[in-house]
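Lettering follows sequence order; numbering is per chain, from 1. The model shown is predicted, which means the values in this text are computed figures rather than measured ones.
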Amino acid sequence: MNLTLHVWRQKGPADEGRMVQYEVKDVSEHASFLEMLDVLNQQLIGRGEEPVAFEHDCREGICGSCGFMINGDAHGPMPGTTVCQLHMRHFKDGDVLHIEPWRSRAFPVLKDLVVDRGAFDRIIQAGGFISVATGEAPEANLIPVPKPVADRAMDAAQCIGCGACVAQCPNGAASLFTSAKVSHLNLLPQGQPERFDRALSMVEAMDREGFGYCSNHAECEAVCPKEISIDFIARMNRDYLKAKAQRGMKTPLQT
Amino acid sequence: MATTTLDSRIPPGPIEHKWDEHKGHLKLVNPNNKRKFTILVVGSGLAGASAAASFAELGYEVRCFCFQDSPRRAHSIAAQGGINAAKNYHNDGDSVFRLFYDTVKGGDFRSREANVYRLAQVSLNIIDQCAAQGVPFAREYGGLLDNRSFGGAQVSRTFYARGQTGQQLLLGAYQALEKEIASGKVRMFPRAEMLDVVIDGRGRAVGIITRDMVTGKIDRHAGHAVVLATGGYSNVYYLSTNAKGSNVTAAWRAHRRGALFANPCYTQIHPTCIPASGDYQSKLTLMSESLRNDGRVWVPKQPDDKRRPDQIPEPDRDYFLERRYPSFGNLVPRDVAARNIKHVVDEGLGVGPQKNGVYLDFADAIQRLGRKAIEERYGNLFAMYEKITGEDPYVVPMRIYPAPHYTMGGLWVDYNLMTNLTGLYALGEANFSDHGANRLGASALMQGLADGYFVIPYTIGDYLSGHLGEKLSTETDDFRRTEAEVQERVNRLISIKGTRSADSFHRELGRIVWEYCGIARNAAGLQKALQLIPALREEFWSNLRIVGGPDQLNQELELAGRVADFFELAELMCVDALDRDESCGGHLREEHQTPDGEAQRDDEHFQFVSAWQWNGVGKTPTRITEPLEFEYVKPTQRSYK
């Protein structure tokens with residue numbers, strides 16, 4: 001198939017950037033979307049033009065490196081799919097595709113389709129962990145975890161930190177990402193001692209990084225490649241509100 | 001360069017006491033003095049992140065580097081199956097000794113017994129640590145940890161988190177690391193690629209040179225010790241299951257500075273991956289080994305059989321694994337399965353549009369157990385397969401073909417995980433020590449975390465304690481000279497201004513290495529590769545095209561630097577494969593097979609580690625050997641008939 005691409009080109013963080021049109025011919029329906037861009041890039045190199053910079057690594061949908069907007073959809077049109085796992089058989093000859101980087105105040109563009117998602121790491125730093133130094137752990141089976149709880153925690157823990165939720169949200173909120181980590185840890189017995197501090201400080205970190213507020217559009221859930229549920233946002237908000245209310249109380253909240 | 005003598009520093013005494021005895025006598029650094037030491041950790045996968053976090057918890061100052069935008073993206077994240085530990089939760093007779101035994105045997109008697117025993121010992125602590133961190137391991141209904149069985153073992157010792165065990169273990173280590181970044185004990189340098197290690201006049205590692213991948217700035221970092229946890233080199237084959245960014249550069253730069261590279265020809269080709277679909281193919285995707293529990297492998301007996309697979313009647317099918325290995329059938333070990341699949345495809349019996357795969361058929365299992373049971377077992381894998389190929393494996397048999405997956409070779413290390421260069425350590429897949437000539441499933445995650453959480457935090461103190469009070473400086477001739485060499489190399493790559501992209505060279509190199517140093521090797525082929533690789537390398541250095549300058553985010557420049565190192569590594573792999581005139585584990589020399597076509601070891605002449613010393617580009621490297629002794633597991637010929 002032949003495609004017309006409009007790709008966001010931006011030389012560096014300070015550059016203004018613009019859309020540039022490219023024609024890609026004879027694309028195989030079996031190629032992945034990133035392989036289609038590889039083919040384009042080899043053509044650009046052949047012409048002495050700079051290839052389109054995009055982030056990618058595992059190309060198996062698990063590392064979370066890749067991601068950009070295709071015609072306004074984060075990771076493109078297929079549900080539950082990162083752009084590296086999106087194959088060209090879902091497009092047709094003559095399609096015109098607009099390819100843009102994640103758009104968010106908290107994700108500055110570094111070059112072309114590459115953005116800086118360091119804000120996600122800083123949210124994790126605020127409390128996305130259980131404090132247990134190497135060697136401190138008790139025997140693993142001393143802490144039983146009911147299977148439904150473990151399964152639910154795993155549903156949340158699957159987040160790959162790609163940033164699609166932020167890019168698709170009209171408010172640029174990071175609530176799905178943050179709530180996935182808060183819920184993963186706050187559901188588990190091991191996460192209880194730090195539960196309320198975690199919710200409080202991770203939500204505050206999210207605000208500090210310049211992400212918007214959640215107003216329940218649920219666009220994030222629709223584009224999440226791991227199909228993480230917005231139920232976790234409600235769970236995070238509940239822990240956050242409890243934590244906020246108890247601030248200044250002498251007796252800490254019971255978990 | 002003078003020949004180095006290898007001292008593996010294996011402690012004396014019975015194997016079950018070696019590690020405890022050793023720990024009891026390692027020198028310590030006083031808690032108040034730990035902050036006076038800086039440790040550089042390169043790589044943030046399971047080994048690197050766990051080491052960096054553990055160092056910081058102990059009180060050391062740490063700098064951690066990764067080429068990705070976040071330490072959470074290291075390729076450990078892609079491991080699907082699980083992690084082994086000798087917990088014996090199933091009361092099925094597992095023990096530290098049995099895990100040790102299986103690993104030594106699985107490695108075809110080419111690993112170091114003392115290291116493997118320690119690995120089996122600390123496997124217990126790993127599960128405790130990860131569970132406490134909140135890794136959501138699979139649970140039984142009583143809330144206790146679930147296990148499953150994996151290839152090469154007769155007990156259930158594999159812990160897992162759905163099909164995403166590597167992801168969850170890595171996130172556990174990453175979270176511990178982020179906690180220490182927040183506390184200020186770790187300074188994280190994402191998007192930083194190590195381009196050289198700085199060795200001082202006494203042969204000690206004193207720092208590294210990195211390139212900031214956003215600005216192109218070349219930086220110096222000084223440390224009292226340098227820890228490389230930079231993964232394996234399967235991407236030398238171009239098409240592999242590794243992430244696109246996985247590379248050998250950090251380890252190779254260390255090798256060029258004098259670190260010995262051990263057993264480079266030991267590579268693992270995983271039998272069940274999705275075949276390439278065209279010449280644009282950028283990587284290969286693994287389908288978990290567990291599929292062979294219920295899938296039957298076959299090809300049509302007639303080449304070019306045009307019928308749909310379900311139209312081909314039983315008498316016209318060859319279930320070649322079941323035919324050749326009646327007792328193990330489709331469950332033969334990875335290396336045996338991979339060789340047989342390649343053999344039938346080479347004979348022209350391959351299936352699919354490119355005739356480059358064999359069928360992995362679930363029709364019998366679906367009929368026997370029902371579609372629902374198969375869905376429960378493999379639903380996520382079937383969905384992934386359909387996403388990639390557009391074919392529904394419930395209806396049409398899967399097509400699979402082997403792909404490079406893991407590299408057992410790596411930097412030579414002693415029992416303390418130190419390379420032959422003082423102060424330079426190598427952990428995880430980057431070192432060579434624990435898997436011999438073949439790695440068992442679910443053992444890579446175990447080794448990465450063992451090295452990072454429970455070995456290096458002890459052994460590094462023994463080294464550092466002798467260097468208290470030493471001031472760090474990047475303003476030395478050693479740093480200036482090394483930085484200048486890095487800068488010159490970057491400039492040289494940029495200034496070639498030829499006509500071919502780094503990717504096109506990489507693809508061509510990969511085809512050569514796959515053809516002659518892949519699943520099966522022979523002397524004539526390896527000699528041919530040793531002609532082809534240098535010729536292509538010379539073309540690379542005269543006809544490479546990099547568009548864009550060095551002082552910016554330049555993915556072409558990054559790739560070119562890595563491909564340049566893969567060229568030199570590929571040559572060493574072939575030298576090693578040619579030199580090792582025997583078959584063992586993943587290294588099959590066609591000249592050395594049993595009458596049944598199995599790998600035939602030559603213990604009399606090759607029961608040793610080949611550690612290679614760099615002598616310069618195009619120069620023959622020097623082989624230094626470390627003899628292997630097997631006191632506890634007696635070498636035998638593997639048989640799966």
J.: Do A:Arg117 and B:Asp69 sit within salt-bridge range, that is, some charged N less than 4.0 Å from a carboxylate O?
T.: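 Here A:Arg117 pairs with B:Asp69 in a salt bridge, since their nearest N and O are under 4.0 Å apart.
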J.: If I take atom CG from residue B:Leu58 and atom OG1 from residue A:Thr134, how far apart are they, to the nearest 0.5 angstrom?
T.: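 Interatomic distance, B:Leu58 CG to A:Thr134 OG1, rounded to 0.5 Å: 7.5 Å.
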J.: Look only at the side chain of B:Arg73 and the backbone of A:Ile160, and say whether a donor-acceptor pair between them is shorter than 3.5 Å.
T.: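 Yes, because the side chain of B:Arg73 sits within donor-acceptor range (under 3.5 Å) of the backbone of A:Ile160.
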J.: Check this for me: does any side-chain nitrogen of one of A:Lys181 and B:Glu178 sit under 4.0 Å from a carboxylate oxygen of the other?
T.: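 So A:Lys181 does not pair with B:Glu178 through a salt bridge.
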J.: Could you give the distance from NZ (A:Lys226) to CD (B:Gln167), rounded to the nearest 0.5 Å?
T.: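 Result: 7.0 Å between the selected atoms.
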J.: Can you confirm whether the side chains of A:Gln158 and B:Gln164 place a donor and an acceptor under 3.5 Å from each other?
T.: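 Per modelled atom types, A:Gln158 and B:Gln164 side chains form a pair under 3.5 Å.
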J.: Is the shortest heavy-atom distance from the side chain of B:Met384 to the side chain of A:Gln85 under 4.5 Å?
T.: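 In contact.
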J.: With a 4.5 angstrom heavy-atom cut-off, which part of A:Asp57 approaches chain B: side chain, backbone, both or neither?
T.: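 Its backbone and side chain both get close to chain B.
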J.: Check whether B:Gln168 gets within reach of chain A through its side chain, its backbone, both or neither, counting any heavy atom under 4.5 Å.
T.: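 Side chain only.
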J.: Side chain, backbone, both or neither: which part of A:Val114 has a heavy atom under 4.5 Å from chain B?
T.: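 The side chain, not the backbone.
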J.: At what distance, to the nearest 0.5 angstrom, does CG of B:Leu144 lie from CD1 of A:Ile143?
T.: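 Separation between the atoms: 11.0 Å.
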J.: Just how far is it from atom CG of A:Asn141 to atom CD of B:Glu140, taken to the nearest 0.5 Å?
T.: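 Going from the CG atom of A:Asn141 to the CD atom of B:Glu140 covers 8.0 Å.
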J.: Is A:Glu139 close to B:Lys87 at the side-chain level, that is, under 4.5 Å between some pair of heavy atoms?
T.: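 Result yes, sub-4.5 Å side-chain heavy-atom pair found.
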J.: In Å, rounded to the nearest 0.5 Å, how long is the span from CG of A:Leu110 to CG of B:Leu553?
T.: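 With rounding to 0.5 Å, CG (A:Leu110) is 6.5 Å from CG (B:Leu553).
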J.: I want to check something: taking the side chain as every heavy atom from C-beta on, are B:Tyr280 and A:Val27 in contact at a cut-off of under 4.5 Å?
T.: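 Counting from C-beta outward, B:Tyr280 and A:Val27 never come under 4.5 Å.
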J.: Looking at A:Ala126, A:Ser28, A:Gly12, A:Pro13, which one has more heavy-atom pairs under 4.5 Å with chain B than the rest?
T.: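 Maximum pair count with chain B is reached by A:Ser28.
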J.: Just checking, any donor-acceptor pair under 3.5 angstrom between side chains of B:Thr285 and A:Glu60?
T.: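 B:Thr285 vs A:Glu60: no donor-acceptor pair found between side chains.
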J.: Which atom names give the shortest non-hydrogen contact between A:His30 and B:Ser277, and what distance separates them?
T.: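 Scanning both residues, the minimum pair turns out to be CB-OG, 3.7 Å.
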J.: Where does A:Ile45 contact chain B at under 4.5 Å (heavy atoms): side chain, backbone, both or neither?
T.: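 Both parts, backbone and side chain.
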J.: Between A:Cys63 and B:His75, is any pair of side-chain heavy atoms under 4.5 Å apart?
T.: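 Counting from C-beta outward, A:Cys63 and B:His75 never come under 4.5 Å.
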J.: If you look at every heavy atom in A:Asp121 and B:Pro71, which pair is closest and at what distance?
T.: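 Nearest heavy atoms, A:Asp121 then B:Pro71: OD2-CD, 4.1 Å.
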J.: So, taking the atom named CG in B:Leu284 and the one named CZ in A:Arg59, what distance separates them when rounded to the nearest 0.5 Å?
T.: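 B:Leu284 atom CG to A:Arg59 atom CZ measures 12.0 Å (nearest 0.5 Å).
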J.: Between A:Gln125 and B:Lys179, do the side chains contain an N or O donor and an N or O acceptor separated by less than 3.5 Å?
T.: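 There is no such pair between these side chains.
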J.: Within the distance-only criterion (no hydrogens, no angle test), does the side chain of A:His56 pair as donor or acceptor with the backbone N or O of B:Gly245 below 3.5 angstrom?
T.: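 No, the answer is negative, given that no donor and acceptor are paired below the 3.5 Å cut-off.
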J.: Taking B:Gln281, B:Met188, B:Glu180 one by one, which has the highest count of heavy-atom pairs under 4.5 Å against chain A?
T.: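 Most heavy-atom pairs under 4.5 Å with chain A: B:Gln281.
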J.: Between chain B and each of A:Gly127, A:Ala153, A:Ala53, count heavy-atom pairs under 4.5 Å; write down the option with the most.
T.: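 The answer is A:Ala53.
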J.: Can you tell me which of A:Ala140, A:Ala150, A:Ala137 forms the most heavy-atom pairs within a distance under 4.5 Å of chain B?
T.: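 Of the options given, most contacts go to A:Ala140.
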J.: Is the shortest side-chain N to carboxylate O distance from A:Asp155 to B:Arg162 below 4.0 Å?
T.: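 Judged by the 4.0 Å cut-off on N to carboxylate O distance, A:Asp155 and B:Arg162 do form a salt bridge.
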J.: For B:Ala132 and A:Ile130, which heavy atoms make the closest approach, and how far apart are they?
T.: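 Taking every non-hydrogen atom into account, O-CG2, 3.4 Å.
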J.: Locate the shortest heavy-atom distance separating A:Cys159 from B:Leu171; write the atom from each residue and the value.
T.: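 What the structure gives for the nearest pair is O-CD1, 4.2 Å.
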J.: Would you call B:Lys283 and A:Glu35 a salt bridge, taking side-chain N to carboxylate O under 4.0 Å as the test?
T.: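 The answer is no: the pair does not qualify as a salt bridge.
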J.: Just wondering, more than 12 heavy atoms not from B:Lys23 lying within 6.0 Å of its NZ?
T.: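 Atom NZ in B:Lys23 is packed in, count exceeds 12.
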J.: Is A:Gln42 reaching over with its side chain to a backbone N or O of B:Ser501, donor-acceptor style, under 3.5 angstrom?
T.: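 Checked: no pair found.
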